[in-house]
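Written out below as structure tokens is the structure these notes cover.
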Amino acid sequence: MTSNVRVRFAPSPTGFLHVGGARTALFNWLFARKHGGRFVLRIEDTDVERSSQEVIQAIIEGMMWLELTPDEGPFFQSNYGEQHRATARQLLESEHAFRCFCTREALDARRQLAESEGRVWRYDRACLSLTEQEKQRFLRQGGPYAVRFLVPQGTTSFNDFVHGVTEFDNKEIEDFILLRSDGSPTYHLSVVSDDIRMRITHIIRGDDHLSNTPKQILLYRALGIEPPTFAHLPMILGPDKKRLSKRHGAVSVLEYRDMGILPEAMFNFLALLGWSPGDDRQLLSRQELIELFSFEGISRAGAVFDLQKLLWLDSQYINRLSVEELLPRVREVLRRDGLWSDDLDGPRRPWLVSLIELLRPRSRTLWDFATDGRAFLTEDFRVDSEAARKYLGEEDTGQRMAALAEALEKAGDWNPEPLERALRDLADSLGVSAARLIHPARVTLTGKAVSPGIFEVMAVLGRERTLYRLRRAATAAPISIH
RNA sequence: GGCGCCAUCGUCUAGGGGUUAGGACGGGUGGUUCUCAGCCAUCAAACCGGGGUUCGAAUCCCCGUGGCGCUGCCA
């Protein structure tokens, strides 16, 4: 299906791709995909001081991670300054805009005066009533001027796809600046000029832009162009219900990648923040999301980012992905923890698959495979002191471990069932509960008080390593209790 | 200050004139069990306040309160 739907994601490169930006990009992407339209990336880098190549790269990297691939772009707003100026000139010629010669100082003085008198300050249109001669004189003197938009009387309303009909009295809007006195275009001008050039049909953005919308609509009208449709998304908030910022919550979506979150889970999670499919489903694939997406499902209230739910969703994805999809990602974390060796993708691949299957039911992030998998991959693992104190403290623990090694060695097949039988038989003949063998064995074999079922652990750990560790426990100095 | 937006369990939300106000995350309890996770069962937990309209309001309207946003020669 193709259509003329064109949407854009237009981040300013002031930070990283934070979750709010990512969610905005995601909804734009979903809408484009749903309607067979085009998703365009435009970097709003007009404030050059704050732009840097790394920051732009970080935004693109974040989008790539979530597979929010733009159909067009990235375009850079800073490349279109000339066009923005031409748009301003057009407005000037059609008398929808005027030159303002007021200096910042003069403006500040008048603003302060107004405020001290308790009046609401809006630009007083001083320069609008300048005579032709005065204007010419300013111009001849080469006096710098800004170009202001002449806000018409009346009211501006639009039908926001999320909020419904929204109306503003133009009296509330001052004659905002289009072109600064150094000739550079401001945000409203640039955005409108760009969106017109790019033939954007739907503007989907954060609702912090709701109050900016009438200004932009006025600009479209003055230019004789039908404004696009607007849809303003609720903000994403931190746990304190405040707008998410560097101070709380995450900064960049890539931080979640580094935390071991799967992009599929993040995508799903972000889609559910401020949007609902209308039923009780929580796990939605990309394809389902595309099909179900609609503005009706978007809520109007801000949404708190809930890390607990993200982690839960991630565990769901970890347990639903095929091993083929999971393995390359587990490889990455193992690599980073220095636990990888290439034969794990060669001769030992089947073994790695069994390890992944063993570990995945209790994994919430990719990193869990590295931390819980460590004892399976190297002898260099730590024994949790708390676990040791609790389960390895008794005098005869070592002997029992040695006896267990003997019993297991004679168990026959190195599989969970025979191993369990051997252990339980030993417990019987020793006259102790199975637990008195199991718990110390767990700590001995994994270094931890919690692990998957001990017989599965033994099976995956392998005969050599299991017996070695149990016997080492017998010969090692008794665990000192401190 | 002005203007705008918003308001259902702790969180994400469904619903929307008459419902036991539903689901999910998280939490509690019990079961399964070698621990944990899981799974199963189960419990607690919400319509911001006040006025209207109405036979009936969480739902519609108004006011208030609170939160957020905009109010720049920032974007």
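Chain identifiers are assigned alphabetically (A, B, ...) following the order of the sequence lines, protein sequences preceding nucleic acid strands; residue numbering begins at 1 within each chain.
Take K390(A) and apply the salt bridge (Lys or Arg N to Asp or Glu O under 4.0 Å) test, not counting sequence neighbours, and it matches no residue. Taking the salt bridge (Lys or Arg N to Asp or Glu O under 4.0 Å) definition, one finds that D428(A) meets it with nothing, sequence neighbours left out. Taking F76(A) as the reference, I43(A), D45(A), I56(A), P74(A), S78(A), N79(A) meet the side-chain contact (heavy atoms from CB on, under 4.5 Å) condition, with sequence neighbours excluded. For R8(A), the side chain to side chain donor-acceptor pair (under 3.5 Å) test picks out D195(A), with sequence neighbours left out. With sequence neighbours left out, E406(A) forms a salt bridge (Lys or Arg N to Asp or Glu O under 4.0 Å) with R471(A). By the side-chain contact (heavy atoms from CB on, under 4.5 Å) test, S433(A) pairs with A435(A), R436(A), sequence neighbours left out. A search for side-chain contact (heavy atoms from CB on, under 4.5 Å) contacts involving D169(A) returns K171(A), E172(A), not counting sequence neighbours. Here R89(A) pairs with E82(A), R85(A), A86(A), E93(A) under the side-chain contact (heavy atoms from CB on, under 4.5 Å) rule; sequence neighbours left out.
When the C1' atom is used for both rC9(B) and rG26(B), the distance is 12 Å, rounded to whole Å.
Nearest-nucleotide assignment on RNA chain B puts the 5′-proximal partner with V304(A), out of V304(A) and Y187(A).
Among the atoms of the strands shown, only primed sugar atoms or phosphate atoms (P, OP1, OP2) are found under 4.0 Å from some heavy atom of D208(A). When heavy atoms are screened at a 4.0 angstrom cut-off, G278(A) is found touching the sugar-phosphate backbone but no base atom. In this structure, G274(A) reaches the sugar-phosphate backbone alone: every heavy-atom distance under 4.0 Å involves primed, P, OP1 or OP2 atoms, never a base. S190(A) comes within 4.0 angstrom of nothing in the nucleic acid, heavy atoms only. Nucleic acid contact class of T186(A) (heavy atoms, under 4.0 Å, all strands): sugar-phosphate only.
The side chain of S211(A) has rG69(B) as its nearest neighbour among rC74(B), rG69(B), rC5(B).
Between the side chain of S276(A) and the backbone N or O of L272(A), no donor-acceptor pair lies under 3.5 Å.
Contact annotation: H209(A) side-chain N/O to rC70(B) OP1/OP2 distance is not under 4.0 Å. For K241(A), a side-chain nitrogen or oxygen approaches OP1 or OP2 of rU11(B) to under 4.0 Å.
Contacts between residues 171-179 of chain A and RNA chain B, counted as heavy-atom distances below 4.0 Å, involve E172(A), E174(A), I177(A).
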Please write out the pairs of protein N or O atoms and N or O atoms of nucleotides 20-22 of chain B separated by less than 3.5 Å, giving the distance to one decimal.
residue: rG22(B); atom: N2; partner: D280(A); partner atom: OD1; Å: 3.4

Listing time: all N or O pairs from protein to nucleotides 33-41 of chain B that are below 3.5 Å?
residue: rC34(B); atom: OP1; partner: R424(A); partner atom: NH2; Å: 2.7
residue: rC34(B); atom: O2'; partner: H439(A); partner atom: NE2; Å: 3.2
residue: rC34(B); atom: O2; partner: R442(A); partner atom: NH1; Å: 3.4
residue: rC34(B); atom: O2; partner: R442(A); partner atom: NH2; Å: 2.4
residue: rC34(B); atom: N3; partner: I454(A); partner atom: N; Å: 3.2
residue: rU35(B); atom: O2; partner: S451(A); partner atom: N; Å: 2.9
residue: rU35(B); atom: O2; partner: S451(A); partner atom: O; Å: 3.2
residue: rU35(B); atom: N3; partner: R442(A); partner atom: NH2; Å: 3.2
residue: rU35(B); atom: N3; partner: S451(A); partner atom: O; Å: 2.5
residue: rU35(B); atom: O4; partner: G453(A); partner atom: N; Å: 3.2
residue: rC36(B); atom: O2; partner: R362(A); partner atom: NH1; Å: 2.6
residue: rC36(B); atom: N3; partner: R362(A); partner atom: NH1; Å: 2.3
residue: rA37(B); atom: O2'; partner: P361(A); partner atom: O; Å: 3.4

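In this structure, the side chains of L189(A) and F149(A) stay at 4.5 Å or more apart for every pair of heavy atoms.
The partner of rC73(B) cannot be assigned: no Watson-Crick or G-U wobble pair with both contacts below 3.5 Å exists in any strand.
With rounding to whole Å, F158(A) atom CZ is found 12 Å from rG4(B) atom P.
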Would you be so kind as to tabulate the donor-acceptor pairs closer than 3.5 Å made by side chains of residues 301-312 of chain A, with sequence neighbours excluded?
residue: D306(A); atom: OD1; partner: Q308(A); partner atom: N; Å: 3.1
residue: K309(A); atom: NZ; partner: Q282(A); partner atom: OE1; Å: 2.9

